Amino acid sequence: NNHKSDSRGALIVLEGLDRSGKTLQSRKLISYLEGLSYSVESWRFPDRNTGVGQMISSYLANKSELDDHAIHLLFSANRWEKRSLMENKLRSGTTLIVDRYSFSGVAFSSAKGLDIEWCKAPEMGLLAPDLVLYLDIPPEKAAERGGYGGERYEQLEFQRKVARSYQILHDASWKTIDACLPIEDVEKQLQEVVLDCVTTCQKGKPLSQLWS
Ligand code: NYM
């Protein structure tokens, strides 16, 4: 790759309900981009490897109780602690495929009844994604997919609320993909938009910050 100084990697985020196929599709995107010789890394939030991430993990496993606001801020802190590494990677030309980001943070916490503007505030100043891919699936269909794991939030009634929150957050810049389509069709649609985004960032599209 012939990098101009302002050439950079793309920040690409996958969002959607639990069991919408994000993890599988991010793996496929990674191999697709690697096959085209792009520098690319797979990231996910929560990042359970940090100290904050371990608190989150224990909360999700129902091994600890936390106030709804407190856990919201921990999810946000977990993104903040990765922010500078994220920026360095992007500026050095690496594309990041990120499984969940601030939109999960706001969608899940506001589904519990927290004020949406309050939920968005701690995300301000994090890097804005160049592309948000929303894997769209009705909560009932997601629930049919081999069942949920045992983690907190993985219940149909709550996922219905999360779906509603995502609808509120959703804006015209998001790319929505019908996640009920066969895996290969979803994969094809993702490849097209992702390649377009990577190319635009390579040409030097400036980085921006949430919420923009
Ligand atoms: N989740 C994830 C949140 O509630 N807030 C956040 O900011 C993020 C990133 O954590 N049910 C929720 C959504 C998921 C759970 O995610 C764990 P995963 O992708 O299953 O590891």
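From a predicted model like this one, the values you see are computed outputs, not experimental measurements. Start at 1 and go down the list; that is how both ligands and their atoms are numbered.
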Q: Provide the full list of salt bridge (charged side-chain N to carboxylate O under 4.0 Å, His left out) pairs with a residue in residues 111-122, sequence neighbours left out, each pair given once.
A: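 As it turns out, the salt bridge (charged side-chain N to carboxylate O under 4.0 Å, His left out) pairs with a partner in residues 111-122, which skip direct neighbours, are Asp68-Lys112.
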Q) Linking Ile, Leu, Val, Met, Phe, Trp and Tyr by side-chain heavy atoms under 4.5 Å, what else ends up with Leu24? A)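 So far as hydrophobic clustering goes, Leu24 is joined with Ile183.
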Q. Under the salt bridge (charged side-chain N to carboxylate O under 4.0 Å, His left out) test, which residues partner Asp136, sequence neighbours left out?
A.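 By the salt bridge (charged side-chain N to carboxylate O under 4.0 Å, His left out) rule, Asp136 matches no residue at all.
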Got a donor-acceptor contact below 3.5 angstrom from the [X] side chain to the [Y] backbone?
{"X": "Arg8", "Y": "Lys205", "answer": "yes"}
{"X": "Gln159", "Y": "Asp18", "answer": "yes"}
{"X": "Arg79", "Y": "Phe45", "answer": "no"}

Output block, N or O contacts of ligand 1, threshold 3.5 Å exclusive:
unit_1	atom_1	unit_2	atom_2	d
ligand 1	7 (O)	Arg79	NH1	2.8
ligand 1	7 (O)	Arg79	NH2	3.2
ligand 1	7 (O)	Gly105	N	3.3
ligand 1	11 (N)	Asp18	OD1	3.1
ligand 1	11 (N)	Asp18	OD2	3.2
ligand 1	16 (O)	Arg100	NE	3.4
ligand 1	19 (O)	Arg44	NH2	3.2
ligand 1	19 (O)	Arg100	NE	2.8
ligand 1	21 (O)	Arg48	NH2	3.0

